[in-house]
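Each remark here refers to the structure printed beneath this line.
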2 protein chains.
Amino acid sequence: MAEGYELPLLLFAGFRSFIDELHAELAEQGHPDVRPAYGFALQAVGRDGVTPGELGRRLGVSKQAAGKTVERLERLGYVERTDDPDDGRRKLVGLTPRGVDVLQRSAAIFDRLRAGWAERLGAQRVDELEAALREMVPAGGLRLDAAGWFGA
Amino acid sequence: MAEGYELPLLLFAGFRSFIDELHAELAEQGHPDVRPAYGFALQAVGRDGVTPGELGRRLGVSKQAAGKTVERLERLGYVERTDDPDDGRRKLVGLTPRGVDVLQRSAAIFDRLRAGWAERLGAQRVDELEAALREMVPAGGLRLDAAGWFGA
DNA sequence: CTTTTTCGTCAATCACGTTGACGAGTTTAC
DNA sequence: GTAAACTCGTCAACGTGATTGACGAAAAAG
């Protein structure tokens, strides 16, 4: 009989191993200063860009916090801010080529890591794993507001 | 063909739903101020108690950070500090009855949550889920140093 | 046109981590 | 047996990433 506390720890350990390997690879591929939280933020920015307020909404944080995140990402060269020509209040946050690069590399690395799981477990077991989790995770459950949630 | 990025998000969402439900229940049961990070720390303290230095080692943080965590937990009434009679340098951190209570309740809630998964997925699929994760997670992978890891 | 709303930012604060330094207590070496 | 070396917990200063409140500028609504 499995102890109930083990399942969440396994889920977390699995997630963590993905993220750790992702960032180890990214570091080797010229992105040593991307932190897990930044990856979520860059993903939330997306190729179309966002305003700081919308970014905050996507990440589940205040617009001020999102603004600070943008500032850090800007200093690292992953995003840039431009004025919205149609609305003098808005600033548009968009990915730089470096930001696009890190997202492309991340997608490729995730695919490779998943393939590694399929190699060790068999493709079917990975599919079943995903299917089971999809059933248990609420529909809107793939949220990007992971940073800071833990200490909340 | 599944996108590689989905699996880690599903793992995280699953973990998160466990932790969110745990803390919602704990709040109802008289522990509204336990945060996820505190749960890990209390688990690391354990029924035998630890020194702040050892706690830091278990949580993967500095002894100073562990000391601050102890201070917060002490203020909330979950742990208490006593002098080690055999070594004047050491302080022993032990669970208070309230600390023991929150651990017992957490274990019971985790068991209930896992039973809920088994009810929706079937016991076998949950077993297979755990088995697959156990295969992929490194042996020492059930570490307690989750807090602060994300922003590291 | 005036009022209200929205947007981004500044400022102060808090939670939680870090490194460096330090006094007190214990252990080791001579 | 005492001097040196190490270990323990804590203090201080600082960095990061979040919070709330306030505020000016711009847009929208009346």
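So that the names make sense, note that chain A is the first sequence line, chain B the second, and so on, each numbered from 1. What you see below is based on every heavy atom in this structure, not just the backbone, and it leaves out hydrogens, waters and symmetry mates.
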Check: A:Phe15 ring centre within less than 6.0 Å of B:Phe12 ring centre: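 Distance test on ring centres: under 6.0 Å, yes.
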
B:Leu73 to B:Ala41 - nearest heavy-atom pair and separation: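 Closest approach of B:Leu73 to B:Ala41, heavy atoms only: CD1-CB, 4.0 Å.
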
Closest contact, heavy atoms only, B:Leu9 versus A:Phe40: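 Closest pair (atom of B:Leu9, atom of A:Phe40, distance): CD2-CE2, 4.0 Å.
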
Side-chain ion pair, A:Glu54 and A:Arg57, N-O less than 4.0 Å: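 Salt bridge present between A:Glu54 and A:Arg57.
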
Salt bridge flag under 4.0 Å for residues A:Glu6 and B:Arg134: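 Result for this pair is yes, salt bridge flagged.
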
Sugar-phosphate only, base, or nothing, as touched by A:Gly53 at under 4.0 Å among non-hydrogen atoms: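 The answer is sugar-phosphate, as A:Gly53 gets under 4.0 Å only of primed atoms, P, OP1 or OP2.
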
Touch class at under 4.0 angstrom, heavy-atom based, for B:Lys91 against every strand present: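 Sugar-phosphate only.
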
Does [N] have OP1 or OP2 under 4.0 Å away from a side-chain N or O of [X]?
X       : N      : value
A:Arg75 : D:dT16 : no
B:Arg72 : C:dC16 : yes
A:Ser62 : D:dA18 : no
A:Tyr38 : D:dT16 : no

Interatomic distance where CD belongs to A:Glu71 and C1' belongs to C:dG8 [whole Å]: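 After rounding, the reported distance stands at 12 Å.
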
Nearest-Å distance for atom pair CG/P, residues B:Asp83 and D:dC8: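 So the CG-P distance, B:Asp83 to D:dC8, works out to 16 Å.
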
Of the listed nucleotides C:dT18, D:dT10, C:dG8, the one nearest the side chain of B:Ala65: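 For B:Ala65, the side-chain atoms sit closest to C:dT18.
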
Nearest-nucleotide 5' precedence on DNA chain C, A:Lys68 against A:Leu92: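 So the residue in question is A:Leu92.
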
Contact letters for nucleotides 22-28 of chain D, in which S counts primed atoms plus P, OP1 and OP2 and B counts the base, heavy atoms under 4.0 Å: B---BS-

Euclidean distance, B:Tyr78 OH relative to B:Leu42 CG, rounded to 0.5 Å: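 Taking CG in B:Leu42 and OH in B:Tyr78, the distance rounds to 8.0 Å.
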
